[in-house]
Amino acid sequence: MPVNSDFKVNIGYPGTNKEDQPDQVVVKPDPDALAKDGSTLEVEVHVTDRHAKILEDNDKNIPSPQSGKGLIDTGASISAIDVNMLQKLDISPIGATKVSTPSGQATQELYAVKFSFPGKGLPDMTSLNVLGSNLKKQDICALIGRDILRHCLLVYDGTSGSIMLAV
Amino acid sequence: MKMGEKDNELALKNEIELYESNKEEWVDQYGEGKFVAIKGDAILGPYDSQEKAYEEGLNKFGLEPFLVQRVSKEERVNHLPALELGIIHAGK
């Protein structure tokens, strides 16, 4: 499994043989960095495979994936990506949802995107419930919410400063 | 316009209004928890999954905005604490 040298794989995943282990990666082997920055990892945001196929069938260019830092946010029921990414990927909304905001509930549109995690050995994951948000000021491009995490095992070890994300 | 920042600027405003005004009837007609894809006055479905509604919506409507909607009497509200606290902002 390809793993970035800054990361280490937890080979002690309990209850499985090594060959049966899910794709997994441990991030942030640094307690202070993990406490300060939260659980972040590099992500790429793509149009969905189905979207790409339509572009391909119509001899149109597939937008390049947009990359940046993603923050794993267990408090977020759905994921979000920076609005600039949506514009660069030229994605139209395919859903809507009510979300809580400082001024009450508001209807916001949802987008379908595919997330990949370069060099981490994790499979691509598609979500049809992604919000567009202004994330640039937070120095992140994506919030990875529970719509993605519902397919994952996530272990946060603040003592050792590590996160294990397995699919 | 592809992205909305306020309710009245949503690209899917008409589709959302169509769903809201027909919700009760569609729950009875299609079944609680089914999915439909809506573009203008055109309605596809019902489908058993959101993924299927998305796929059929793309087949029929292409890459234009369309609404994949779960048909339900229950209104789901999504929570993103960072958004609720004003740390991040939805839309442009």
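Just so you know, these numbers use all the heavy atoms, side chains as well, and skip hydrogens, waters and symmetry mates. Letters A, B, ... mirror the listed sequences (proteins, then strands); counts begin at 1.
Rounding to the nearest 0.5 Å gives a distance of 4.5 Å between CD1 of A/Ile54 and CG of B/Leu58. Between the CD atom in B/Glu9 and the CD atom in A/Glu109 there is a gap of 10.5 Å [rounded to 0.5 Å].
In this structure, the side chains of B/Leu63 and A/Leu55 come closer than 4.5 Å at one or more pairs of heavy atoms. With a 4.5 Å cut-off on side-chain heavy atoms, A/Lys98 and B/Asn78 do not count as touching.
Within 6.0 Å of the CG atom in A/Asp124, the count of heavy atoms belonging to other residues, nucleotides or ligands exceeds 12. The environment of B/Asp41 atom CG is sparse: at most 12 non-hydrogen atoms of other residues, nucleotides or ligands sit within 6.0 angstrom. Shown here is A/Asn58, whose CG atom has more than 12 heavy atoms of other residues, nucleotides or ligands within 6.0 Å.
Using a 4.5 Å cut-off between heavy atoms, B/Glu75 contacts chain A through its side chain alone, with no backbone atom that close. When heavy atoms are compared at a cutoff of 4.5 Å, B/Tyr54 approaches chain A solely by way of its side chain, counted from C-beta outward. Using a 4.5 Å cut-off between heavy atoms, A/Ile94 contacts chain B through both its backbone and its side chain.
Identified by a heavy-atom distance below 4.5 Å to chain A, the contributing residues of residues 67-74 of chain B are B/Leu67, B/Val68, in residue-number order.
For A/Gln105 (side chain) and B/Val77 (main-chain N/O), no donor-acceptor pair under 3.5 Å exists by modelled atom type.
Listed options A/Ile78, A/Val47, A/Thr97 were ranked by heavy-atom pairs under 4.5 angstrom with chain B; first place goes to A/Ile78. Among A/Leu110, A/Asp73, A/Thr48, A/Thr126, the residue making the largest number of heavy-atom pairs under 4.5 Å with chain B is A/Thr48.
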Item to check | Working for side chain to side chain contact (heavy atoms under 4.5 Å, CB included), residues B/His79 and A/Ser100 | outcome: CA-CA 6 Å; B/His79 296 276; A/Ser100 293; 3.3 Å; yes
Item to check | Test log, rule side chain to side chain contact (heavy atoms under 4.5 Å, CB included), inputs B/Gln50 and A/Asn129 | outcome: CA-CA 10 Å; B/Gln50 185 185 28; A/Asn129 300 294; 2.9 Å; yes
